[in-house]
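Here's the structure, in structure tokens; my notes come after.
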Amino acid sequence: MKISISATLAALSLAMGVSTSVQAQDYPYRDITNAVVWGAGGGTDTINRMIMAEMEKHLPVSINVVNQTGGVAGSNGMVYVANQPDDGYTLVGLSESNVTAAVQGGWDKKFDFWYPFIVGGSPDLISVPAGSPYQTIDDLVSAAKADAGSIPAAAGGAGSIHHLNLLALQHGTSAEFKFVPYKGSAAGQEAAIAGEVQAVVTSLAEQAPLISGGQLRPLATLTPSAAEFNGQTIPSALEIYPALTDFLPLKQAIGFAVHNSAPDDVKATLAAAFEKAMASDAVAEWAKTNNYDLSGQYGPEAQALFATLESNFAYTLQDLGVATVDPASLGIEKP
């Protein structure tokens, strides 16, 4: 059977038209994946699942949230997403704790690799299991000073904000705990309840259900102000130990990011959905119920905040003797 030249050209024209039509589709035209670098059930995971669900309402596709854990300071998840195309179809769910990955040898990039969106954060607490003999922060610190390294404490992964806050507590009080890393806050809190560790540093938002359920007893906040929760006042460790102000506070900034090299239309589309989600009553109510302060910063504004956090965290780790890479060698300026 002969095929005419005109028919062949028509078929080619149709194929090219379909191909061009697909290529010209606006972002996003297929589902997005958000790879959270910390474990399921922790603060970063919870916030990302909440904000992605709200952003989905303003996008024509679904956002699938997965957990890509491990490495140093969440480096496995960041490396995974960094190795994906910068087309906006793979986001990374992260937090301020990830800014230490480079100085701990987890990867070799400054944090400005990312174009971040910050949802918010919650103050850190140091708490003990409900059956602990330590009734106050001074009881715990005194015991850790009397027998250095005898009290195991969980504080998320190495290099997380919770780990840094534990280190700061040690240096500000001359106490020494035995740090036990876990894959995220939820795992560390479970370890405390199970008796694997005797203390845990995570956020109020993460601990709230366990405090309300009588499984954890909060001893102090690691912020300048006390916290009111369930009719009780949780004192500020900084008020009890003034030397802590040399190291604290180090605050949370939880959200997600896309490659900074992503196309402008990708950034704009994500920003529009993010703004609408952050302005919703659902997000405001969620934050109030779950003890979070909302931010809403993104793009250059959020990059500037993370640059400050990166500088402070990196040189704090160096001063505490736990950085494995010189921040200056990465181009990180001193605060």
Side-chain angles (χ1 to χ4, degrees), residues 16-38 43-68 74 77-96 98-99 107 109-121 252-287 292-307 309-310:
M16 290 176 65
V18 171
S19 175
T20 302
S21 174
V22 170
Q23 291 175 359
Q25 283 182 296
D26 292 335
Y27 170 85
Y29 59 85
R30 57 184 171 85
D31 288 353
I32 297 168
T33 296
N34 178 5
V36 178
V37 305
W38 302 115
T44 303
D45 178 69
T46 302
I47 277 191
N48 271 271
R49 291 181 187 277
M50 179 276 297
I51 200 66
M52 293 298 122
E54 288 302 312
M55 287 175 61
E56 273 187 345
K57 298 175 182 178
H58 309 288
L59 294 169
V61 299
S62 297
I63 306 177
N64 305 309
V65 180
V66 299
N67 298 91
Q68 191 80 25
M78 290 198 293
V79 169
Y80 169 76
V81 177
N83 287 333
Q84 304 304 308
D86 62 351
D87 55 9
Y89 286 98
T90 309
L91 312 178
V92 60
L94 41 68
S95 70
E96 74 299 316
N98 301 120
V99 301
W107 75 340
K109 298 175 178 62
K110 286 181 62 179
F111 210 74
D112 59 8
F113 179 88
W114 303 113
Y115 185 92
F117 297 76
I118 304 173
V119 179
Q252 288 186 324
I254 301 174
F256 64 95
V258 67
H259 291 219
N260 192 42
S261 58
D264 289 343
D265 66 308
V266 168
K267 294 174 181 175
T269 299
L270 290 172
F274 179 66
E275 286 184 350
K276 291 174 182 176
M278 289 297 293
S280 70
D281 291 339
V283 170
E285 184 60 31
W286 183 92
Y292 278 98
D293 298 321
L294 294 175
S295 168
Q297 296 169 299
Y298 66 87
E301 186 179 15
Q303 285 175 322
L305 174 60
F306 272 112
L309 289 170
E310 181 176 47

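- With sequence neighbours left out, the side-chain hydrogen bond (donor to acceptor under 3.5 Å, both in side chains) criterion links D45 to R49, N67.
- Note: Y115 and F113 fail the aromatic proximity criterion, with ring centroids not under 6.0 Å apart.
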Point to revise | CA sep, side-chain torsions, deciding dist, call: N64, T33, side-chain hydrogen bond (donor to acceptor under 3.5 Å, both in side chains) | key: CA-CA 5 Å; N64 305 309; T33 296; 4.6 Å; no
Practice item. Would you please test D265 and D26 for side chain to side chain contact (heavy atoms under 4.5 Å, CB included) and show each step? Key: CA-CA 9 Å; D265 66 308; D26 292 335; over 6 Å; no
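- Judged purely by distance below 3.5 Å, without hydrogens or angles, the side chains of Q252 and D293 never pair a donor atom with an acceptor atom.
- For Q68, the side-chain hydrogen bond (donor to acceptor under 3.5 Å, both in side chains) test picks out no residue, with sequence neighbours left out.
- Nearest heavy atoms, H259 versus V81: NE2-O, 2.8 Å.
- When all heavy atoms of G88 and V266 are compared, the closest pair comes out as CA-CG1, 3.6 Å.
- Considering all non-hydrogen atoms of both residues, V37 and M78 come closest at CG1-N, 3.8 Å.
- Heavy atoms from other residues, nucleotides or ligands lying under 6.0 Å from CG of D264 number 12 at most.
- Looking at every heavy atom in both residues, P60 comes nearest to P28 through CG-O, 3.5 Å.
- Taking the six-membered ring where tryptophan is involved, the planes of W286 and Y292 are essentially parallel, since the angle between them stays under 30° and well short of 60°.
- Checking Y89 against Q84 by side-chain atom types alone, no donor-acceptor pair falls below 3.5 Å.
- Residues N48 and L94 share a closest heavy-atom pair of ND2-N, 4.2 Å.
- Between M52 and F256 there is a side-chain heavy-atom pair separated by less than 4.5 Å.
- The aromatic rings of F111 and F306 lie tilted to each other, with the angle between the two planes from 30° to 60°.
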Practice item. Evaluate the criterion side-chain hydrogen bond (donor to acceptor under 3.5 Å, both in side chains) for residue pair Q303 and Y298; output intermediate values, then yes/no. Key: CA-CA 7 Å; Q303 285 175 322; Y298 66 87; over 6 Å; no
